[in-house]
There are 4 protein chains.
Amino acid sequence: MSTEPVSPSLEPTPKRERRKEARPRELLDAALALFVEKGFTATRSEEVAARAGVSKGTLFLYFQSKEDLFKAVIRENIGSLFPAWNEELNTFEGSSADMVKYAMNAWWERVGNTAASGIAKLVMSEAQNFPDVAAFYQADVVVPGTKLLHRILQRGVDSGEFRAMDTDKAVYTLIAPMIFLMMWKHSMGACAASANIIDPQKFIHMQVDMLLNGMLARSAS
Amino acid sequence: MSTEPVSPSLEPTPKRERRKEARPRELLDAALALFVEKGFTATRSEEVAARAGVSKGTLFLYFQSKEDLFKAVIRENIGSLFPAWNEELNTFEGSSADMVKYAMNAWWERVGNTAASGIAKLVMSEAQNFPDVAAFYQADVVVPGTKLLHRILQRGVDSGEFRAMDTDKAVYTLIAPMIFLMMWKHSMGACAASANIIDPQKFIHMQVDMLLNGMLARSAS
Amino acid sequence: MSTEPVSPSLEPTPKRERRKEARPRELLDAALALFVEKGFTATRSEEVAARAGVSKGTLFLYFQSKEDLFKAVIRENIGSLFPAWNEELNTFEGSSADMVKYAMNAWWERVGNTAASGIAKLVMSEAQNFPDVAAFYQADVVVPGTKLLHRILQRGVDSGEFRAMDTDKAVYTLIAPMIFLMMWKHSMGACAASANIIDPQKFIHMQVDMLLNGMLARSAS
Amino acid sequence: MSTEPVSPSLEPTPKRERRKEARPRELLDAALALFVEKGFTATRSEEVAARAGVSKGTLFLYFQSKEDLFKAVIRENIGSLFPAWNEELNTFEGSSADMVKYAMNAWWERVGNTAASGIAKLVMSEAQNFPDVAAFYQADVVVPGTKLLHRILQRGVDSGEFRAMDTDKAVYTLIAPMIFLMMWKHSMGACAASANIIDPQKFIHMQVDMLLNGMLARSAS
DNA sequence: TATGAATGAGTCTTCATTCAT
DNA sequence: TATGAATGAAGACTCATTCAT
């Protein structure tokens with residue numbers, strides 16, 4: 001397991017020799033699927049190659065090592081959606097409640113319901129074995145995501161639509177259900193039949209409803 | 001230049017200790033810690049033994065195989081708290097909102113803040129490699145836990161304290177933050193410093209507050 | 001002081017040769033030799049590989065397990081000679097005494113003096129650990145061999161050349177010296193110098209002579 | 001496996017410290033049975049102890065090592081019958097043919113049909129791993145036995161009862177069936193049902209009959 | 001480039017042997 | 001003496017990685 005320095009996390013975008021195009025997407029996809037399914041260590045390189053339809057040797061033509069493949073899987077699957085999302089929020093017209101709903105649903109469609117959701121499961125499962133990967137994920141996904149959600153909450157509070165709250169902490173009430181959904185989907189949800197949770201979209205809908213309106217009955221004063 | 005151990009106190013390497021009774025528990029504890037930290041496959045049997053203060057061979061004196069050890073780790077760390085909890089709920093006097101708060105805090109104290117929290121991370125990470133373990137966890141922990149929370153919500157709805165809701169689904173709004181907390185604690189939280197989330201108790205407090213009261217400002221009609 | 005291998009000729013250590021076709025046979029031959037020499041359990045997989053000129057791992061490329069290798073060794077070294085032998089006997093012209101001599105000598109040349117003779121030692125030594133192998137050997141070698149010899153004896157009795165006898169049992173007087181020869185050759189004969197028995201061909205000759213003519217002096221009536 | 005010098009084979013009768021009496025016969029018996037059944041390497045020390053009704057540790061109180069136990073098994077089970085047998089032969093009154101019959105039957109009763117027969121199987125199976133044991137067996141059993149049989153044959157030849165023959169070699173026609181019988185009994189005979197050879201005594205009877213009288217019909221001249 | 005046979009370090013597991021009791 | 005828990009060297013087998021083709 002790697003104990004490399006955390007700082008220049010994952011060679012930030014390799015300058016030249018961008019053979020990205022040539023580098024089989026199939027290998028990364030196969031690796032993602034298998035790493036998510038079985039874990040990094042329990043997945044054999046040959047399985048990845050086989051699923052990608054190439055031979056064992058070919059894998060190592062594109063990736064220096066299995067660990068290198070692991071990092072590439074993370075890197076390549078985190079295309080940042082945040083710039084676009086931030087843009088959308090800038091131009092969003094509507095209530096902050098709608099904004100929360102919109103953000104959560106958009107997240108489900110573009111991440112949660114995507115192979116990218118496996119990345120979260122993978123990173124969390126392997127975080128301790130790959131601290132630099134965890135740091136990378138934290139910096140490139142968690143922090144921007146947190147900021148985005150924070151903006152939304154703050155907007156609501158500022159406009160008076162939301163009540164006063166510690167937005168720094170409240171933001172995790174939005175993150176928790178997303179993390180939960182991704183973990184569940186790729187673990188219990190894929191095993192125990194009875195764990196086949198409610199429809200994710202309905203779950204999100206209810207979660208948002210509860211967070212916005214609360215469970216308590218309104219006293220019809 | 002002494003070749004003696006640096007710390008002359010604290011038992012001077014008590015080799016070959018006979019502790020038939022204590023060994024299994026020590027091995028299980030060591031295994032739990034390491035499996036949670038590194039994953040089942042990435043943990044070497046010898047590491048487990050070493051952490052338990054015994055040699056490689058001793059591990060196999062108590063567990064038939066590494067997989068057997070894995071299953072024992074799960075089994076032995078899931079002492080059912082539910083009978084006691086159900087009892088507490090039966091005699092609980094107070095609002096259903098208080099009940100929710102109480103349940104969540106109790107969970108944190110007795111599970112979330114315990115080595116048992118690692119079990120959840122472990123099971124979710126390895127679920128696909130050990131479907132029977134996942135099923136076991138689902139049946140022995142998830143389902144009873146769900147039922148317990150369901151009772152609370154239903155009590156609130158029945159009494160009119162909570163508004164009408166689909167309690168079957170709403171229950172997951174309480175489960176999600178717990179799962180989130182356990183996963184986070186044993187993954188990102190243990191790595192990236194910046195991921196050292198807010199104090200779990202405060203998170204729970206806020207989560208419950210938001211779920212109960214909602215984010216939206218009450219129209220002071 | 002040269003660090004080169006002493007023999008500059010004879011392929012200078014041809015490493016990593018690709019010989020997919022030849023490997024299995026080479027491994028089987030190496031295994032046969034070592035299993036016969038040291039016994040199955042006492043032979044390390046790596047020794048077999050080394051003698052075959054390959055590495056540990058390569059062995060397991062061709063055989064699923066050491067036990068699988070064992071069974072393959074037996075199976076592959078029992079090419080049935082019996083059809084041909086039966087044919088020979090059908091067309092044999094001469095006395096039944098000559099037939100016995102011929103059969104015993106042919107056996108020595110084609111089995112006893114061959115690597116196949118090790119199989120008998122191996123099977124007998126390991127019979128109790130591998131009952132199915134023993135049964136296989138019994139069915140494929142012992143029974144057909146017994147039948148063949150039985151035919152010869154019966155022919156002699158039928159023609160009046162041999163005296164009346166219980167041929168079912170008499171057949172073992174021919175089998176015993178063969179088994180003896182194979183066992184001895186691969187055990188005592190290979191160790192204690194003084195156990196370097198008489199020339200096998202001479203032994204067979206004398207054995208046959210004694211069995212046919214008897215030790216007793218003929219009363220010149 | 002041992003590569004000790006062959007010469008002073010098996011410390012020839014340890015002078016003092018004859019704790020022979022105290023040394024559990026049970027352990028030697030258990031070891032013999034198991035070594036014969038499964039081979040030396042495939043037999044675990046603990047099994048021997050268990051069968052002898054003692055604990056693992058006790059075994060090593062009496063024998064320095066498993067290999068030491070092996071040698072003791074051989075040594076202790078070869079009580080020399082030859083002095084007595086030689087005596088019997090000296091006083092034997094009767095034909096040399098009867099002498100052969102007598103010797104073979106006596107051997108069966110006192111060796112072949114005894115646990116001692118397992119020794120032969122054991123020694124032959126392990127000869128190459130224990131050359132000194134093989135040499136010991138050769139010197140203490142095979143050579144004396146050969147000499148004994150040689151005496152018988154020579155007596156017959158000298159008296160004119162047997163025809164002229166190379167007695168040095170002819171002796172093996174008597175040894176072969178004994179070796180065969182012992183090997184068979186402890187290998188194929190103990191496995192494949194169909195290999196449950198004819199009654200050993202009948203086999204010996206027929207073998208002797210054939211060797212003495214020959215298979216060929218006597219020309220009634 | 002692609003292949004897959006070959007390699008050998010690494011891991012699980014066994015078991016002869018030791019030693020505290 | 002006897003026990004059996006503990007040890008650790010050794011062996012079967014795996015799999016990331018290399019390299020001849």
Side-chain angles (χ1 to χ4, degrees), chain A residues 19 22 24 40-50 53-69, chain B residues 14-23 41-50 52-69, chain C residues 14-23 41-50 52-69, chain D residues 19 22 24 40-50 52-70:
Chain A
R19 49 174 178 175
F40 173 72
T41 314
T43 300
R44 285 180 302 128
S45 303
E46 192 167 11
E47 284 180 277
V48 176
V54 299
S55 76
K56 218 179 341 181
T58 302
L59 171 64
F60 290 90
L61 241 41
Y62 291 98
F63 303 94
Q64 294 212 350
S65 68
K66 196 185 167 192
E67 196 164 324
D68 185 48
L69 172 64
Chain B
K15 285 259 170 75
R16 262 179 176 275
E17 234 181 325
R18 276 168 95 96
R19 318 185 51 233
K20 189 180 172 42
E21 306 310 322
R23 290 299 189 221
T41 313
T43 300
R44 284 180 301 125
S45 306
E46 196 166 7
E47 286 180 275
V48 176
V54 297
S55 75
K56 221 175 349 179
T58 300
L59 171 62
F60 292 94
L61 236 46
Y62 295 95
F63 301 95
Q64 294 211 353
S65 67
K66 197 185 167 193
E67 191 164 329
D68 184 48
L69 173 64
Chain C
K15 286 262 170 74
R16 261 178 178 277
E17 235 181 325
R18 276 168 94 97
R19 318 184 53 235
K20 187 182 174 40
E21 306 309 322
R23 290 298 189 224
T41 314
T43 300
R44 284 180 300 124
S45 305
E46 195 166 8
E47 285 180 275
V48 175
V54 298
S55 74
K56 218 176 352 178
T58 301
L59 171 62
F60 293 95
L61 237 46
Y62 294 96
F63 301 94
Q64 295 212 351
S65 67
K66 197 184 166 193
E67 192 164 328
D68 185 47
L69 173 64
Chain D
R19 48 175 179 175
F40 172 74
T41 314
T43 300
R44 285 180 302 127
S45 303
E46 193 167 10
E47 283 180 276
V48 175
V54 299
S55 77
K56 220 179 342 180
T58 302
L59 171 63
F60 289 91
L61 241 40
Y62 291 98
F63 303 95
Q64 295 212 350
S65 68
K66 197 185 168 193
E67 197 164 323
D68 186 47
L69 172 63
F70 179 81

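In what follows, every heavy atom counts, from backbone to side chain, and hydrogens, waters and symmetry copies are set aside. The sequence lines fix the lettering, A, B, ..., with proteins before strands; numbering per chain opens at 1.
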How far apart are the closest heavy atoms of [X] and [Y], and which atoms are they?
X: D68(D); Y: F63(D); result: OD2-CA, 3.6 Å
X: F60(D); Y: S65(D); result: CE2-CA, 4.0 Å
X: L59(B); Y: A49(B); result: CB-CB, 4.5 Å
X: E17(B); Y: R23(B); result: O-NH2, 2.8 Å

_Judged by each residue's nearest nucleotide on DNA chain F, which is more toward the 5′ side, T43(C) or K20(B)?_
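Nearest-nucleotide comparison on DNA chain F picks K20(B).
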Rounded to the nearest angstrom, tell me the gap between atom [atom1] in [X] and atom [atom2] in [N].
X: L59(C); N: dA12(F); atom1: CG; atom2: C1'; value: 10 Å
X: E46(B); N: dG10(E); atom1: CD; atom2: P; value: 13 Å
X: R19(C); N: dT21(F); atom1: CZ; atom2: P; value: 12 Å
X: Q64(C); N: dA12(F); atom1: CD; atom2: P; value: 17 Å
X: R18(B); N: dT18(E); atom1: CZ; atom2: P; value: 16 Å
X: E21(B); N: dG4(F); atom1: CD; atom2: C1'; value: 13 Å
X: E47(D); N: dC15(E); atom1: CD; atom2: P; value: 8 Å
X: L61(B); N: dT18(E); atom1: CG; atom2: C1'; value: 14 Å

N or O in side chain of [X] less than 4.0 angstrom from [N] OP1/OP2:
X: Y62(D); N: dA2(F); value: yes
X: R23(C); N: dA6(E); value: yes
X: S45(C); N: dA12(F); value: yes
X: S65(A); N: dA16(F); value: no
X: T58(B); N: dA6(F); value: no

Given [options], which nucleotide is nearest the side-chain atoms of [X]?
X: F60(D); options: dT17(F), dA2(E), dT18(E); result: dT18(E)
X: K66(C); options: dT3(E), dC12(E), dA12(F); result: dA12(F)
X: K56(B); options: dC13(F), dA10(F), dA2(F); result: dA10(F)
X: V54(D); options: dT17(E), dT3(F), dT18(F); result: dT3(F)

*Do any N or O atoms from the side chain of K66(A) and from the backbone of F40(A) form a donor-acceptor pair under 3.5 angstrom?*
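Present.
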*Which part of the nucleic acid, if any, lies within reach of T41(C) when heavy atoms closer than 4.0 Å are counted: base, sugar-phosphate only, or nothing?*
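Since no nucleic acid heavy atom lies under 4.0 Å of T41(C), the category is nothing.
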*With a non-hydrogen cut-off below 4.0 angstrom, is F63(B) in contact with a base, only sugar-phosphate, or nothing?*
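Since no nucleic acid heavy atom lies under 4.0 Å of F63(B), the category is nothing.
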_Tell me whether the side-chain N or O atoms of R44(B) pair up with the base of dG10(E) as donor and acceptor below 3.5 Å, since no angle test is needed here._
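Side chain to base: no pair present.
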*asked:* I'd like to know if R16(B) reaches the base of dT18(E) with its side chain such that a donor and an acceptor end up less than 3.5 angstrom apart.
replied: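 Result: at least one qualifying N/O pair found.
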*If we call it a pair only when both distances are under 3.5 Å in a Watson-Crick or G-U wobble match, what pairs with dT21(F)?*
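Per the H-bond distance test, dA2(E).
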*asked:* Before you tell me yes or no, could you show the steps for S45(B) and V48(B) under side chain to side chain contact (heavy atoms under 4.5 Å, CB included), namely the whole-Å CA-CA distance, both residues' side-chain angles and the distance that decides it to 0.1 Å?
replied: CA-CA 5 Å; S45(B) 306; V48(B) 176; 5.7 Å; no
